[in-house]
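Okay, structure first, notes after.
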Amino acid sequence: MKFIHTGDIHLGAHPENKKVWAKNRGDEIWNTFEKLIKKIKIDPVDMLIIAGDLFHRQPLLRELKEVDYLFSTIPETTVVLCAGNHDAIRKGSFYKDFQWSSNVVFLGKNTIEKVEIPKHNVCVYGLSYDKNEIYDALYDHIIVDNPEMINILVAHGGDEKHIPINKRKVAMSGFDYVAMGHIHIPDIDEKNRMAYCGSLEPIDIGDMGDRGYIYGNLEKDRLDIRLVPFAQRIYMDLNYTITPNITNMELRHQLAQRMEEQGIQNMFRIILDGYRNPDFEIRLSDIEELGNIVTIQDETVPDYDFEELYEDNKDNILGMFIHKYLKQEPLDPLQKRTLYYGTKALLDAMEDRI
C-alpha cells in the first residue's frame, strides 16, 4: 500500500506577517497543500494521512468546503485525518456536522476509534482533540484488534500538554505504522515503524531545515518511508564571520552572494560572529533589505588592542579588569568573550560619564 503521511499544515496561518516580504505566506501554505493534492492526482497513492492541525485555528465552513473539494478530486485515494490541538473540535465547530466526500475518513471522536477500510485491508485508529491541551497518554495502551489487517495509528501529540507519547509502549501495540503529528521537526523511526512527518511548510523560525511529507510503502512485513522535501521556502541559518577590516558594502555583497547560493526564496536567520574594528558599526538596516531576513544576531565583538588599553587605563577599573585577563593568557574561548564584552561595557560606561 502506497501512502503519503502529512500533517501540521496550518491552513490559515500567516507566518512572519509583520515582514513586507511575507505578505503572501498565508496563501503559500494553501498553495502548497493544493499542490500536494494535485501531485497525488497525477501520481496516485492508496492513502493520504493527515495527522492533525490541518488548520491553524477553527476552520470556517467555506474553508472546509474548499479542502473537501480538493479531496474529492482524488477519489481513488482514501483520505484519513483528525483534528489536532490547533483546530480542536470545540462547541460550535463546523467540523461536527460536516459531510465529507465518500473517500474521506474523519476520526472525529475525542476517544480512540477504529475504522476499517476493506479495500486496502487497513484498519486506522485515532481521535480528534476537543480542547487545546490534553495531558493524558491516550495512545499508550491501545492493542490492535485484528493483527491480520494493516493497522495504522494516527497520533497527534507527543509533549506533556498534548497527549504524551511513550514510543516504546506504542511500538508494542501491534501497529504496522504510527503516523504522528504535532512536532514540526520530521523524525523517522523505521525500527519502531513510526514517524513525525513535520510541517508541510515551515510555520515559524523554530521550523529550521527541510519541510515536506513522508512517502511510504507499507505491507504487513515491510515498511519503506522517506521524507520528500516539498515546501516552497524554508528557514535557514546563515553564519558569517566578520574580520576587522571588513566594510559594510563588502559584508552586504558577501551575504547577498551566500543567500543566492542557498536559495534566495528561503527565509534566513543571519548570525554574525568574529572580531570587528572597534570603530566599525554594522548597518543592520542595510542587511535587512537583502531579502527574506527574519532576524539578525550580531554576536561580533570589537577587536581591541588590550595592551594599549591597559597602558592608558592602569589606574582605573578598566585597566584592572584587562590586567586580570592578560595575566591568564592563553585564554579559552569563554574567557576571551568575557574579556571583549566586559571591556566594551566598561568603555561604554566611561563614555556615558564624559
Side-chain angles (χ1 to χ4, degrees), residues 1-9 11 32-55 64 67-84 95 98 100-109 112-128 139 142 144-156 170 173-182 186-190 192-200 212-228 230:
M1 183 190 76
K2 295 179 180 178
F3 70 90
I4 282 176
H5 165 202
T6 185
D8 297 288
I9 296 164
L11 299 173
T32 298
F33 180 63
E34 181 182 2
K35 180 182 171 185
L36 177 61
I37 302 301
K38 287 181 177 179
K39 176 179 176 53
I40 294 172
K41 189 174 182 179
I42 295 170
D43 185 13
V45 294
D46 299 302
M47 186 173 293
L48 169 63
I49 304 168
I50 302 175
D53 284 354
L54 173 59
F55 294 93
L64 285 174
V67 165
D68 188 56
Y69 162 72
L70 289 174
F71 292 156
S72 74
T73 65
I74 49 171
E76 300 306 313
T77 296
T78 301
V79 181
V80 178
L81 74 153
C82 65
Y95 267 140
F98 189 76
W100 296 95
S101 294
S102 59
N103 62 319
V104 178
V105 174
F106 181 56
L107 301 169
K109 296 180 180 178
I112 296 291
E113 65 174 311
K114 66 170 185 174
V115 178
E116 292 189 359
I117 307 171
K119 74 172 183 176
H120 302 311
N121 190 36
V122 167
C123 186
V124 293
Y125 292 70
L127 57 77
S128 281
Y139 305 125
I142 309 170
V144 302
D145 288 340
N146 188 350
E148 301 301 316
M149 300 186 75
I150 295 174
N151 291 280
I152 297 173
L153 173 63
V154 183
H156 187 90
V170 172
S173 299
F175 289 105
D176 299 288
Y177 183 61
V178 181
M180 297 191 289
H182 178 62
D187 182 15
I188 292 177
D189 183 356
E190 279 196 79
N192 288 316
R193 304 175 75 88
M194 59 181 62
Y196 278 106
C197 56
S199 54
L200 190 62
Y213 60 85
I214 286 177
Y215 183 88
N217 201 324
L218 175 61
E219 299 174 14
K220 282 299 295 183
D221 58 350
R222 185 169 67 91
L223 172 66
D224 297 315
I225 49 178
R226 60 185 172 89
L227 178 69
V228 179
F230 202 68

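Predicted model, so just to flag it, every value in this text is computed and none were measured.
- Met47 places none of its side-chain heavy atoms less than 4.5 Å from the side chain of Leu218.
- Under the side chain to side chain contact (heavy atoms under 4.5 Å, CB included) test applied with Tyr125, the options Asn151, Val154, Val115 reduce to a single match, Asn151.
- Proximity of a side-chain donor or acceptor of Lys109 to a complementary backbone N or O of Ser128 within less than 3.5 Å is not detected.
- Proximity of a side-chain donor or acceptor of Asn103 to a complementary backbone N or O of Val79 within less than 3.5 Å is not detected.
- At least one donor-acceptor pair closer than 3.5 Å links the side chain of Asp46 to the backbone N or O of Lys2.
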Verdict with supporting geometry, Ile117 and Val80, side chain to side chain contact (heavy atoms under 4.5 Å, CB included) = CA-CA 10 Å; Ile117 307 171; Val80 178; 4.2 Å; yes

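- To the nearest 0.5 Å, atoms CE (Met1) and CG (Asn121) are separated by 10.0 Å.
- A distance-only check finds a donor-acceptor pair linking the side chain of Asp68 to the backbone of Ser101 [under 3.5 Å].
- Minimum heavy-atom separation, Val178 to Ala155: CG1-CB, 4.3 Å.
- Separation of atoms CZ (Phe71) and CG (Leu64) is listed at 9.5 Å; rounding is to 0.5 Å.
- The backbone N or O of Gly181 sits nowhere less than 3.5 Å from a side-chain atom of Asp53 that would complete a donor-acceptor pair.
- Smallest separation of non-hydrogen atoms from Gly7 and Cys197: N-SG, 3.4 Å.
- Between Leu11 and Leu54, some side-chain heavy-atom pair lies under the 4.5 Å cut-off.
- Remark: the backbone N or O of Val45 is paired with a side-chain donor or acceptor of Thr77 at under 3.5 angstrom.
- With values rounded to the nearest 0.5 angstrom, Leu81 atom CG is found 7.5 Å from Leu107 atom CG.
- Within the 3.5 Å criterion, the main-chain N or O of Leu70 finds no donor-acceptor partner in the side chain of Lys41.
- Distance check: Ile37 CD1 to Ile74 CD1 gives 4.0 Å after rounding to the nearest 0.5 Å.
- Looking at Phe33 and Thr6, their side chains never come closer than 4.5 Å, going by heavy atoms from C-beta outward.
- Counting heavy atoms from C-beta on, the side chains of His5 and Ile225 never come closer than 4.5 Å.
- Between Ile142 and Lys114 there is no side-chain heavy-atom pair separated by less than 4.5 Å.
- Rounded to the nearest 0.5 angstrom, Tyr196 OH and Ile214 CD1 are separated by 11.5 Å.
- Classified by interplanar angle (parallel below 30°, tilted 30° to 60°, perpendicular above 60°), the ring pair Trp100/Phe106 is tilted.
- Remark: aromatic rings of Tyr177 and Phe3 are close, center separation under 6.0 Å.
- Looking at Tyr139, its side chain does come within 3.5 Å of a backbone N or O of His156 through a donor-acceptor pair.
- You'll find the side chain of Glu219 stays beyond 4.5 Å of the side chain of Ile150, heavy atoms only.
- Residue Leu48 holds its CG atom at 12.5 Å from NZ of Lys39, rounded to the nearest 0.5 Å.
- Here the side chains of Glu76 and Pro44 are not in contact, with every heavy-atom distance at 4.5 Å or above.
- When side chains are defined from C-beta on, Met194 does not count as touching Phe175, because their heavy atoms never get closer than 4.5 Å.
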